[in-house]
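In what follows, a structure is listed as structure tokens, so that the remarks can point back to it.
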Amino acid sequence: MNASVLVTPEALRDSLAGERPLLVLDCRVFRGDEKPGDRRYLPQSLFLDLERDLSAEPGEGGRHPLPSQSDFTATLQALGVTPERPVVVYDDSGGQLAAARAWWMIACWAGHPDAHLLDGGLAGWQTIGGELVKVPVEPANQSRWTPSFNDDVLVSVEVLLEQGGQLVDARAATRFRGDEEPLDSIAGHIPGAMCRPCTQNLETSGRFKSPGQLADELPKGEALTAYCGSGVTACHNILAYAVAGLPLPRLYAGSWSEWIRDPSRPIATGDA
């Protein structure tokens, strides 16, 4: 994979004006008392929800375990996703975190051959004066696509403990070190992991750094595995590897929020 996993706002605008527009999926997370009617959307976009569509119920598998293959297949079919139509995902968070999770699930796990992320997200779209509408569209037609899921892109906690490999942690350095932990009950990181905050993948504009710069910066190693707090921001790091044209790390989907559920698993603090 290379920089083509990203779509510029300008290219998306041209696509939406054409005869075969990309299928646009809005992955924004609702915050506080925010309701769907409080927002504005990219034209022709469908809503894809992190909690409902991109995750199973929290529990033993962590805060955002993956849905079952059958449930995610049903979600993709309801949205009308097919391999023949390119897909682009976006959101408005600081690094397009939910959208990166959606990209990983659609492209890497479900195997869609033409899935992309809008570089710069909603802010990038607004920067070029892109049109916004009051409501998302409803899916026009369900699809019959049955993805061939690739579980080789995943690593379970059992395999991780047995086989090891280099872990890359996408959380902020303060959480990696254990200085603070705003979301989980225990602070720290998995021993031996390297800290690569996913915010370092972006320019100050909110767009991804160049493929060459990312290729220079991203951690290297054999059997790389990306993780974070709950398997969401780790996907942003995997996307950065794709932009850089590097081999993609596997995803430990349960991440820190699953790891700490067993008190026998080791925990590290500090910079190493």
Q.
Ignoring hydrogens, what is the shortest heavy-atom contact between Pro113 and Pro83? Give both atom names and the distance.
A. CG-O, 3.6 Å

Q | In one Ile/Leu/Val/Met/Phe/Trp/Tyr side-chain cluster, 4.5 Å: Phe176, Ile260 | A | no

Q) For His112 and Asp114, does a side-chain donor sit closer than 3.5 Å to a side-chain acceptor? A) no

Q. Between Tyr252 and Tyr227, what is the ring plane arrangement, given parallel below 30°, perpendicular above 60°, and tilted in between?
A. tilted

Q) Would Tyr90 and Tyr41 count as a ring-ring contact (aromatic ring centres under 6.0 Å, His included) if you check the C-alpha gap in whole Å, the side-chain angles of each, and the deciding distance to 0.1 Å? A) CA-CA 10 Å; Tyr90 79 94; Tyr41 299 82; 8.1 Å; no

Side-chain donor-acceptor pairs of residues 119-126 under 3.5 Å, sequence neighbours excluded:
unit_1: Asp119; atom_1: OD1; unit_2: Phe208; atom_2: N; d: 2.9
unit_1: Trp125; atom_1: NE1; unit_2: Gly130; atom_2: O; d: 3.4
unit_1: Trp125; atom_1: NE1; unit_2: Glu131; atom_2: O; d: 2.7

Q. Is atom CG of Asn141 surrounded by more than 12 heavy atoms (other residues, nucleotides or ligands) closer than 6.0 Å?
A. no

Q. Does one side chain, of Glu180 or Thr174, offer a donor that lies under 3.5 Å from an acceptor on the other?
A. yes

Q. So, Ser70 versus Ser68: side-chain donor-acceptor pair below 3.5 Å or not?
A. yes

Q. If you measure from the Lys or Arg side-chain nitrogens to the Asp or Glu carboxylate oxygens, is any gap between Arg175 and Asp169 under 4.0 Å?
A. no

**Q.** Side chains of Ser230 and His64, donor plus acceptor under 3.5 Å
**A.** yes

(Q) Rounded at 0.5 Å granularity, tell me how far NE2 in His236 sits from CG in Leu202. (A) 4.5 Å

Would you tabulate the side-chain donor-acceptor contacts of residues 149-156 under 3.5 Å, counting partners in other chains and residues two or more places apart, or write 'none'?
unit_1: Asn150; atom_1: OD1; unit_2: Asp152; atom_2: N; d: 3.0
unit_1: Asp151; atom_1: OD1; unit_2: Gln69; atom_2: NE2; d: 3.4
unit_1: Asp151; atom_1: OD1; unit_2: Trp109; atom_2: NE1; d: 2.9
unit_1: Asp151; atom_1: OD2; unit_2: Gln69; atom_2: NE2; d: 3.2
unit_1: Ser156; atom_1: OG; unit_2: Glu158; atom_2: OE1; d: 3.3
unit_1: Ser156; atom_1: OG; unit_2: Val159; atom_2: N; d: 3.2

Q: State which residues pass side-chain contact (heavy atoms from CB on, under 4.5 Å) with Glu217; sequence neighbours excluded, sorted by chain then number.
A: Arg196, Lys209, Gln213

Q | Min side-chain heavy-atom separation Glu10-Ile128 under 4.5 Å | A | yes

Q. What heavy-atom pair brings Arg20 and Glu84 nearest, and what distance separates the two atoms?
A. NH2-O, 3.6 Å

Q) If you draw a 6.0 Å radius around CZ in Arg52, do more than 12 non-hydrogen atoms from other residues or ligands fall strictly inside? A) yes

Q) Do other residues, nucleotides or ligands put more than 12 heavy atoms under 6.0 Å from the CD atom of Glu57? A) no

